[in-house]
Structure formats: structure tokens, C-alpha cells
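Below you'll find the structure, written out as C-alpha cells, and then a few comments.
Just so it is clear, the values below take in all heavy atoms, side chains as well, and ignore hydrogens, waters and symmetry mates. Numbers restart at 1 for each chain; the letters A, B, ... are given by sequence-line order, proteins then strands. This one's a predicted model, so the numbers in the text were calculated from it and none came from an experiment.
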Number of protein chains: 2
Amino acid sequence: MAGTGRNGDTKVVTLSDVARLAGVSVATASKALNGRSQVAARTRARVEAAAEQLSFVPNRMAQGLLAGRTGTVGLLTSDLQGRFVIPILMGAEDAFGAGRVSVFLCDAREDTIREQHHLQALLSRRVDGLIVVGSRTDPRSTLGHDIPVPVVYVYAPSDDAGDLSLVPDNVAAGRIAVEHLVACGRRKIAHVSGDPGYAAALDRGVGVGEGLDAAGLKLVGDSMYADWSERWGRDASAVLLDRHPDIDAIVCGSDQIARGALDAVRDRGRVVPDDVAVIGFDNWEPMVEGSRPELTSIDPNLELLGRAAAQRVFAALDGDELGDGVHLQAPRLVIRGSTVPRS
Amino acid sequence: MAGTGRNGDTKVVTLSDVARLAGVSVATASKALNGRSQVAARTRARVEAAAEQLSFVPNRMAQGLLAGRTGTVGLLTSDLQGRFVIPILMGAEDAFGAGRVSVFLCDAREDTIREQHHLQALLSRRVDGLIVVGSRTDPRSTLGHDIPVPVVYVYAPSDDAGDLSLVPDNVAAGRIAVEHLVACGRRKIAHVSGDPGYAAALDRGVGVGEGLDAAGLKLVGDSMYADWSERWGRDASAVLLDRHPDIDAIVCGSDQIARGALDAVRDRGRVVPDDVAVIGFDNWEPMVEGSRPELTSIDPNLELLGRAAAQRVFAALDGDELGDGVHLQAPRLVIRGSTVPRS
DNA sequence: CCGTCAACAGAAAACCTTTTCGGTCTGTTT
DNA sequence: AAACAGACCGAAAAGGTTTTCTGTTGACGG
């Protein structure tokens with residue numbers, strides 16, 4: 001705990017410094033600090049004291065050089081907003097254990113060249129594994145198979161079936177949304193979704209259809225697709241509500257669209273959830289908790305996705321088969337005021 | 001370009017592999033690939049071909065071991081949502097240049113023990129520098145001065161004046177907000193802010209006061225402080241509008257509060273921006289762009305903050321003095337529909 | 001033909017740590 | 001007393017790269 005200097009001027013202390021202070025060889029110092037048995041208790045104590053005094057931290061680069069493992073993982077993303085990548089990062093940290101594994105986060109910004117640069121950088125740093133996070137659930141091009149470490153694709157699957165991809169189950173999400181509305185006694189259900197160029201929009205739509213079929217219901221009006229904005233949610237809901245005044249629930253393709261829908265319902269002097277229930281997707285906290293009333297939403301369980309990805313990478317390092325194909329993560333319904341009256 | 005196997009099975013290729021294939025020594029191979037002059041053009045070409053063929057990537061851990069620099073930086077955050085840390089990360093990546101420096105991102109989750117763990121891990125990985133990002137602008141406890149690499153505190157300053165901190169200038173932000181409203185012809189300005197336990201709330205409030213003084217105006221009603229929620233923005237604005245019907249502008253402590261204010265104004269049958277202008281802080285895209293009308297806001301220029309932090313770390317590595325004290329980043333006004341009519 | 005010089009290639013050390021193996025010492029067994 | 005076992009410590013190699021220094025080769029001038 002000496003440290004009185006300014007940051008950066010203290011010289012880095014190595015194992016030989018510790019060994020010298022303790023009056024032993026580096027070999028013995030190493031064994032003492034790593035709990036090896038070939039060292040006397042008194043010597044061990046002396047070494048530990050020396051290490052403490054110098055606040056020695058072993059150089060993991062050097063360790064990695066020997067071990068062939070660096071204890072690092074690369075997280076390669078194009079998720080500008082950090083909306084998906086942060087929960088995934090947290091899940092990965094949980095799975096790895098804080099401090100045991102460190103994560104390189106690289107933002108490719110949807111740019112293939114930049115992605116290649118980052119990939120080279122990560123490989124040159126000898127990461128033990130790679131997690132690739134997309135910003136949408138559509139398939140993305142594979143990084144290829146000549147990568148010397150296990151790769152897991154998360155959120156956006158790889159377009160190569162030989163790769164392992166973990167993605168949210170959007171079909172199930174749509175189904176669950178409808179099942180919840182039906183359980184709440186709704187029968188006249190409409191659907192406003194986002195950009196039809198996104199697989200997420202279409203998949204959720206499919207799930208909505210399945211849910212309705214299972215309940216013997218038919219969608220009120222057509223599914224509306226355009227973009228993910230609140231404005232669109234507002235406008236589309238307005239059209240639907242005007243054309244079909246008997247609507248008693250709206251399934252929205254995202255929380256933002258749902259907020260627009262809430263506005264549209266209120267503008268028409270109708271009450272959420274008494275007259276019309278509204279449900280969103282993503283369970284994005286600032287959106288769902290800020291709205292009036294708070295928004296019921298389907299949470300894609302991104303932390304679990306991240307954790308699963310990390311576990312897969314870990315297992316592959318221990319020699320397990322990495323696996324392949326697209327694996328679906330079940331979503332989770334989070335009920336709030338927009339579908340159920342405050343009672 | 002060979003690579004036909006599954007990920008993880010290809011053996012990592014080293015410089016000696018390249019040297020062997022090219023029929024030279026590792027020393028020569030190294031010099032050839034690094035553009036050193038002591039190599040004949042023909043030999044260089046042969047080595048480069050071999051490296052290409054084996055798709056050789058130098059091991060930066062090994063390089064770092066020699067050079068004493070790893071080309072990595074640690075980003076230590078407690079920003080659960082990634083709202084501040086992502087732009088800062090992007091700024092840092094820009095400053096460093098994609099691929100040249102890689103960033104470890106660690107989320108301490110407001111937990112001191114976890115932070116210590118991460119810190120140890122980062123130091124053991126011999127990061128060249130450390131950027132510490134807080135989730136609020138209040139001072140945080142210093143990491144201490146016995147850290148062998150330069151440390152820059154961003155967003156949340158260190159409580160130790162000997163550390164270097166880069167933070168948004170919230171006082172200026174408040175002032176700029178008022179100046180803009182005054183320039184738009186507003187004279188009856190109210191103020192709804194967030195949690196008074198946050199320096200950000202108070203600082204912006206101070207700036208609002210300065211702006212009003214400079215314009216010879218007085219605040220309508222009292223500054224309202226409670227929390228950062230939309231609900232509070234709605235409720236507080238409602239009270240203010242009912243009590244002071246002549247209000248023609250509301251400065252809000254955050255974009256979320258501003259959204260609440262928009263709701264309250266609309267609930268009273270008044271029009272934004274014609275009757276009442278509303279301005280927020282943070283310029284958080286999903287909030288400002290989803291609202292009706294879109295929200296004028298003060299952007300804290302977080303990317304610039306991140307870039308500046310990265311540049312400071314870099315400069316310190318090159319021997320420059322790191323500097324100390326709290327440095328303010330000027331904000332930027334982003335004008336949208338909530339303060340200026342569509343014309 | 002010898003010496004000089006330049007141009008180039010390779011050997012070896014260095015970075016920091018871990019591990020294997022051999023060596024020293026103490027104490028014990030026959 | 002001699003041999004032996006066991007406990008402990010240290011020397012050395014390994015891991016991949018860069019750099020310095022030494023050595024080789026060939027050309028050229030004297």
C-alpha cells in the first residue's frame with residue numbers, strides 16, 4: 001500500500017522482485033503464490049508477505065503465453081445503442097465469473113471492413129472465444145470456419161448452419177403475447193408491427209397468428225408493418241381504431257410502437273387497459289416503465305442468452321463439442337398495467 | 001484461406017511456422033514482416049507469401065511482453081444501461097483507431113468489491129490505461145494513486161483533485177437551454193428536474209438560474225426536484241401549469257421528464273410548441289425522436305468525452321503529463337420541434 | 001590476391017511466468 | 001554407520017516475438 005506517486009510512474013513489479021525481496025528463487029516464489037505443495041510453510045509465508053508488500057499482480061499475458069489460454073473473450077457487435085449487447089455482456093460476465101475472464105468489446109458499426117479489423121485484432125490478442133452480437137435477428141454472414149477459436153452468434157444467427165447461433169424465440173414471443181391477451185378476456189385483437197424487412201417483425205407476427213388460431217380467433221384488420229417508430233405505432237393504431245372501433249387489444253411489434261399505440265388510444269378518449277389492452281415486445285425499461293400506464297411486454301431474456309453463449313464458449317474450451325444450428329431462447333411475459341387493470 | 005475445419009480445431013500458427021515454410025530463421029521472418037531494412041527484397045517476399053499462406057497473425061501477448069505495452073485499455077463502468085458508456089466506448093475506439101487498441105469493458109454494477117475484482121483483472125492483463133465511467137455526475141471515490149497506468153475518470157469525476165476527470169458541463173447545459181428559450185421569445189419559464197441527490201440535477205438548475213439572470217428574467221414557480229421519471233415530469237408539470245397558466249416554456253431535467261411534461265401540456269389542451277415550449281437534457285435518441293413533437297434537447301457530447309479520455313490516456317503513454325482536476329465538456333443544443341414551430 | 005565494406009541472415013537474449021527435473025539437506029531406517 | 005526417503009529449493013526450459021549482435025557472403029578497390 002505504499003503508492004504515493006502519481007498514476008503511471010510506479011514501475012510494474014514482477015515475480016523476480018518478489019522473489020528477491022523474499023530471498024528465494026522465482027521458481028519457489030511462483031509455487032508459493034500458486035499454492036503448489038513443494039514449498040515449506042515458512043517460505044510460503046515470506047513470499048506472500050513480499051508479494052503483499054510490493055502489491056504484486058502476476059502478468060496474465062505471460063501466464064497466457066505458457067498456458068495457451070488468455071482468459072479473454074471477444075464480443076463483436078454492431079449494436080450501436082448497446083441495447084442488446086449490454087445485457088448479453090452482463091450475462092457473459094456472470095457465467096464467466098467477474099475477473100476470471102475479461103471481455104473485449106468491439107463495435108463494428110455495421111461495417112464489414114471494420115469488423116474484419118476488429119476480428120484480426122481479437123485473434124492477434126489470442127482470445128479464447130468469440131461472441132458475435134447482431135443488432136437484428138436476421139441472419140448475418142458467417143465469419144467463416146477458419147477461426148481457431150469457438151464462435152457463438154447471438155441475437156443475429158449466422159447464415160451458415162454449421163455455426164452455432166443463439167437467438168430469441170420471436171415466434172413464441174408473439175404466441176405468448178396473444179395467449180396473455182386471450183387469458184385477459186380479449187377477443188378483438190389487432191396487430192401493429194415494425195419494419196417488415198426485419199425477421200423479428202415477421203416472426204412475432206407468425207407467433208401472433210399461431211396464438212390466434214389456437215384460441216379460435218381471427219385478427220381484427222390486417223397486420224400493419226412499416227417501421228419501429230412511436231410515430232408509426234400511433235398512426236397505425238389510429239387507423240385501426242377508427243376502422244374497427246370494437247378492438248379490445250393491440251399487439252405491438254416493439255415497446256416503442258406500443259407507446260405510440262397508447263397515445264392513439266388515449267387520443268380517442270378510450271382507456272388502457274379497460275377498453276383496450278396494449279402489449280409490446282423487448283421489455284425495454286425506459287420505455288415500458290415511463291409509459292402511462294406501464295407497459296406489459298415480452299422480455300427476450302437477453303441475459304440468459306449472453307450467459308448461455310458464454311457457457312458454450314467455455315464448454316468448447318474444455319473440449320466439448322461446440323454444437324451448431326440455431327437455438328431458440330424462450331421469452332418471458334412481464335405483466336404491467338397496460339393489459340391488466342390495477343384491480 | 002485454407003480453413004475447412006470446424007471452429008476451434010485449427011492449430012494456431014506461429015512465426016516459426018512461417019519461418020520454416022519460408023526457409024529462413026524466425027529473426028529474419030520477424031524483420032521481413034515488420035518492414036525492417038535488414039532483409040533482401042526476395043527474402044521478404046518469400047516470408048510474406050508464407051505468412052499469407054498460413055494466414056499468420058502475430059501474437060500480441062508475446063509482443064506486449066517485450067514491448068511493455070499491450071495495446072489494450074480497460075473501461076470500468078457502473079452504467080448498467082450502457083447509456084453513457086457506449087458512446088464513450090465509440091469515442092475511445094475512434095481516437096485509438098479501430099483494431100490498433102482493444103478495449104476491455106467491465107461492468108462493476110455499483111459494487112465496490114466487484115470493481116476491485118475487475119481492477120485487479122485489468123491490471124493483471126497489463127492494460128496500458130484505464131477509463132472509469134460513472135453512471136451519474138456526482139464525484140466517486142478515487143481508485144487511488146498506486147495504479148501503475150494512467151487513469152481518466154469520465155462522466156463521474158473522482159473525489160480526489162489529483163486525478164484527471166472529464167465531465168459534461170451541466171451548468172453550461174442549463175444556461176444554453178434557457179438562452180435558447182429566450183431566443184425563441186419565451187419569457188415565462190418553469191423548471192422541472194430530477195433527483196436532487198444527483199449533481200446533474202442541481203448543476204443544470206444552477207445553469208438555468210444563470211441563464212434567467214442574464215436575460216433579466218425570474219423563474220416561474222419554484223424549481224421542482226424529485227426523480228428522473230416520466231411520471232414525475234408529468235405530475236410536476238401539471239402542478240406548475242395549473243398554478244401558473246401563463247407559463248410559455250418548461251426546462252426539464254432530462255428527456256424522460258420532458259416527455260412527461262409534453263403529456264401534461266397536451267392533457268391541458270395546450271399545444272407544444274405554440275403555447276408552451278419544452279426542452280430536455282441528454283438528447284437520448286429513442287426518447288427525443290419518439291416524442292410528439294420531437295424534443296429539443298441538450299446533448300452532453302459523450303462521444304467527444306470518450307475521445308478526449310482516450311487521447312489523454314494515449315498522450316500519457318507517450319510521456320506527456322496526464323494532468324489533473326475536473327475538466328468540463330461543453331454541451332451542444334439540438335433543436336427539434338418542441339421549441340420551434342415547424343414554420 | 002588480399003583487405004575492406006556493405007548487405008544480409010541467423011543466434012541469442014530479453015520479456016514474465018510456470019513446470020519439470022535434479023540437487024541439497026535433514027532425519028530416519030537397517 | 002551407511003543408506004535411504006522425504007522435504008524442500010533452484011536451475012532451466014518453454015511459450016512467441018523483437019532486437020541486438022555476430023557471422024557469412026559477395027563485390028569491389030587497391
Problem set entry | Rounded distance (Å) that lies between atom P of D:dT19 and atom CD of B:Gln63 | 9 Å
Exercise. Under 4.0 Å between a side-chain N/O of B:Arg36 and OP1 or OP2 of D:dT18, yes or no?
Worked result: no
Exercise. Where the side chain of B:Asp128 meets the backbone of B:Val73, is there a donor-acceptor pair that is under 3.5 Å apart?
Worked result: no
Exercise. Nearest of C:dT18, D:dT17, D:dC9 to any side-chain atom of A:Lys31?
Worked result: D:dC9
Exercise. Parallel, tilted or perpendicular: which describes the rings of B:Tyr155 and B:Phe84, with under 30° parallel and over 60° perpendicular?
Worked result: parallel
Exercise. Any side-chain N or O of B:Asn59 less than 4.0 Å from the OP1 or OP2 oxygen of D:dG15?
Worked result: no
Problem set entry | Spacing of B:Arg126 atom CZ relative to D:dT17 atom C1', expressed in whole Å | 18 Å
For this session: Could you check B:Leu65 against B:Ala27 and say which one's nearest nucleotide on DNA chain C is further toward the 5' end?
Result: B:Ala27
For this session: Ignoring backbone atoms, test whether A:Thr28 places a side-chain nitrogen or oxygen under 4.0 Å from the OP1 or OP2 oxygen of D:dC9.
Result: no
Exercise. Are B:Ser30 and D:dT17 close enough that a side-chain N or O sits under 4.0 Å from OP1 or OP2?
Worked result: no
Exercise. With no hydrogens and no angle check, is any side-chain donor or acceptor of B:Asp169 less than 3.5 Å from a backbone partner on B:Ala330?
Worked result: no
Problem set entry | Phosphate contact (D:dC8 OP1 or OP2) by A:Gln38 side-chain N/O below 4.0 Å | no
Exercise. Given atom CE of A:Met61 and atom C1' of C:dA14, what is their separation to the nearest angstrom?
Worked result: 18 Å
For this session: Could you point out which residue of A:Asp159, A:Asp163, A:Asp160 forms a side-chain hydrogen bond (donor to acceptor under 3.5 Å, both in side chains) with A:Thr142?
Result: A:Asp163
Exercise. Rounding to a whole Å, what distance do you find between A:Arg69:CZ and C:dT17:C1'?
Worked result: 17 Å
